[in-house]
Amino acid sequence: MNILLDTHTHTIASAHAYSTVIEMARQAKEAGLEAIAVTDHAPAIPDGAHPWHFLNLKALPREICGVKILYGAEVNILDLDGNIDLDEDILGKLDVVNASIHRPCYKNVGASDHTSAYLSIVQNPLVDIICHSGSPDFEYDYERIIELAKKNNKLIEINNHSFFVRKPSIPNCRKIAEICKEKGVGIVVSSDAHIAFELGDYNNALDMLKEISFPEKLIMNRSLNAFEEFMQNKGKKLFTWGY
């Protein structure tokens with residue numbers, strides 16, 4: 001399986017990441033990628049980007065070093081009500097909106113069931129991808145949310161980064177992938193790169209998907225065309241904002 005579009009990457013706009021956009025694009029070209037989504041952390045995380053960063057993404061060229069650039073964000077799920085930390089007027093301009101729980105800015109860390117947070121997210125029309133949701137600290141009703149993801153045209157991320165920085169998530173990542181396979185729900189496989197050298201490395205995630213015979217047709221970022229087709233079918237056209 002090839003992954004030619006990385007839907008989850010971070011630049012130095014997220015202060016705990018270490019590469020510029022140009023460095024990311026150069027490495028993406030070297031890795032054989034067609035496109036990357038620049039999806040820096042939204043403001044609620046302690047070193048996330050300012051809202052102005054996302055409003056100014058239109059300053060980025062749509063192609064750098066032969067690699068297409070999608071404008072995006074990784075928004076933070078803030079609580080069990082599914083509130084997030086960027087306004088609708090910003091989110092509506094972006095190509096890719098990822099949504100994740102991050103412990104430093106999540107108000108309900110001690111809850112035992114986080115289904116209600118994901119219920120709101122999966123029904124938010126401005127969110128495209130539910131990211132790295134396999135954490136055992138934030139478990140939810142996988143069957144229910146994944147069924148709703150299909151109904152609401154949401155993608156579920158299998159995050160390669162989780163296999164070495166969030167290792168307790170691995171059994172749940174496999175369970176989530178198996179449910180997506182069973183129900184025919186589209187996924188993306190991402191690097192969640194925080195430095196350019198991580199781009200193009202999806203081996204741990206892909207090995208797991210191979211073990212469960214996950215169908216390639218359900219990996220919606222296997223190519224830019226496949227991702228664009230999925231987004232168009234949900235009524236969202238890419239590359240419409242910017243200079």
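Note that the structure is predicted; figures quoted are calculated from it, not measured.
Summarising the geometry of Ala196 relative to Met24, their closest heavy-atom pair is CA-SD, 3.5 Å, with the distance given to 0.1 Å. Shortest non-hydrogen contact noted between Ser120 and Asp81 is OG-O, 3.1 Å. Residue Ala44 comes nearest to Leu78 through the heavy atom pair CB-CD2, 3.6 Å, listed as atom of the first residue, atom of the second, then distance. Val188 and Asn221 make their closest contact through CA-OD1, 3.3 Å (heavy atoms, listed as atom of the first residue, atom of the second, distance). Closest heavy-atom contact between Gly82 and Ile77: CA-CG2, 4.2 Å. Across Tyr142 and Ile179, no two heavy atoms sit closer than the pair CB-CD1, 3.5 Å.
No donor-acceptor pair closer than 3.5 Å links the side chain of His102 to the backbone N or O of Pro104. Under the 3.5 Å distance criterion, the side-chain polar atoms of Arg62 are matched with a main-chain donor or acceptor of Ile69. Listed for the Asp192 side chain is no donor-acceptor partner under 3.5 Å among the backbone atoms of His8. Listed for the Asp87 side chain is no donor-acceptor partner under 3.5 Å among the backbone atoms of Asp89. No donor-acceptor pair closer than 3.5 Å links the side chain of Arg26 to the backbone N or O of Glu23. Side chain of Lys154 to main chain of Asn124: a donor-acceptor pair is present (N/O by atom type, distance under 3.5 Å, no hydrogens or angles). Counting only distance, with no hydrogens or angles, the side chain of Asn56 and the backbone of Trp52 share no donor-acceptor pair below 3.5 Å. In terms of modelled atom types and a separation under 3.5 Å, the side chain of Asn172 and the main chain of Gly134 share a donor-acceptor contact.
Gln232 CD: more than 12 foreign heavy atoms inside a 6.0 Å radius. Within 6.0 Å of the CD atom in Glu30, the count of heavy atoms belonging to other residues, nucleotides or ligands does not exceed 12. Summarising the local packing, CD of Gln123 is surrounded by more than 12 heavy atoms from other residues, nucleotides or ligands at distances under 6.0 Å. Enclosure of atom NZ in Lys151 is not indicated, since only 12 or fewer non-hydrogen atoms of other residues, nucleotides or ligands lie within 6.0 angstrom.
Looking at heavy atoms from C-beta onward, Ile130 lies in side-chain contact with Ile145 at the 4.5 angstrom threshold. Under the 4.5 Å side-chain criterion, counting only non-hydrogen atoms from C-beta, Tyr71 is not in contact with Lys93. Put simply, the side chain of Met220 does not reach to within 4.5 Å of the side chain of Glu229, judged on heavy atoms. Side-chain contact between Ile129 and Ile156 is absent, with no heavy atoms from C-beta onward closer than 4.5 Å. Looking at Phe163 and Met208, their side chains come closer than 4.5 Å, going by heavy atoms from C-beta outward. Within the 4.5 Å cutoff, the side chain of Leu94 has no heavy atoms near those of the Leu70 side chain. Residues Pro43 and Leu86 have side chains in contact (heavy-atom distance under 4.5 Å, counting atoms from C-beta outward). You'll find the side chain of Asn233 stays beyond 4.5 Å of the side chain of Asn153, heavy atoms only.
A donor-acceptor contact closer than 3.5 angstrom links the side chains of Asp40 and Thr11. Side-chain contact, Ser190 with Glu157: a donor N or O sits under 3.5 Å from an acceptor N or O. In the model, Asn83 has a side-chain atom that pairs as donor or acceptor with a side-chain atom of Asp79 under 3.5 Å. If you check the side chains of Glu198 and His10, you find no donor sitting under 3.5 Å from an acceptor. Under the 3.5 Å distance criterion, with hydrogens and angles disregarded, a donor-acceptor pair is assigned to the side chains of Asn76 and Asp85. There is a side-chain donor-acceptor pair under 3.5 Å between Ser191 and Asp6.
Aromatic rings of Phe138 and Tyr106 (six-membered ring for Trp) have centroids within the 6.0 Å cut-off, being under it.
In summary, Lys234 and Asp128 engage in a salt bridge, as defined by a charged side-chain N under 4.0 Å from a carboxylate O. Using a 4.0 Å cut-off between charged side-chain N and carboxylate O, Lys237 and Glu228 make no salt bridge. A salt bridge does not link Glu34 to Lys68: none of the charged side-chain nitrogens sits closer than 4.0 Å to a carboxylate oxygen. Salt-bridge check for Arg103 with Asp137: passed, with a basic side-chain N closer than 4.0 Å to an acidic carboxylate O.
One hydrophobic cluster, built from ILVMFWY side chains closer than 4.5 Å, cannot hold both Val38 and Leu4; they sit in different ones. Cluster annotation: Ile64 is not connected to Tyr18 through the hydrophobic network of ILVMFWY side chains, with a link wherever side-chain heavy atoms come within less than 4.5 Å. Under a hydrophobic-cluster definition in which Ile, Leu, Val, Met, Phe, Trp and Tyr are linked whenever side-chain heavy atoms come within less than 4.5 Å, directly or via other members, Ile22 and Leu199 are assigned to different clusters.
For Arg144, the salt bridge (Lys or Arg N to Asp or Glu O under 4.0 Å) test picks out no residue, with sequence neighbours left out. Residues meeting the ring pair (Phe, Tyr, Trp, His ring centres under 6.0 Å) test with His16, sequence neighbours left out: His41, His194.
Separation of atoms CD1 (Ile187) and CG (Leu218) is listed at 7.5 Å; rounding is to 0.5 Å. Here Leu238 contributes atom CG and Asp95 contributes atom CG; the two are 5.0 Å apart, rounded to the nearest 0.5 Å. Remark: Ile195 CD1 to Thr9 OG1 distance equals 13.0 Å, nearest 0.5 Å. We find the CD1-OG distance between Ile45 and Ser14 to be 8.0 Å, quoted to the nearest 0.5 Å.
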Worked check of salt bridge (charged side-chain N to carboxylate O under 4.0 Å, His left out) between Lys183 and Glu147: CA-CA 7 Å; Lys183 299 185 180 299; Glu147 283 180 357; 2.9 Å; yes
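By the 30° and 60° cut-offs, the orientation of the rings of Tyr118 relative to Tyr140 is tilted.
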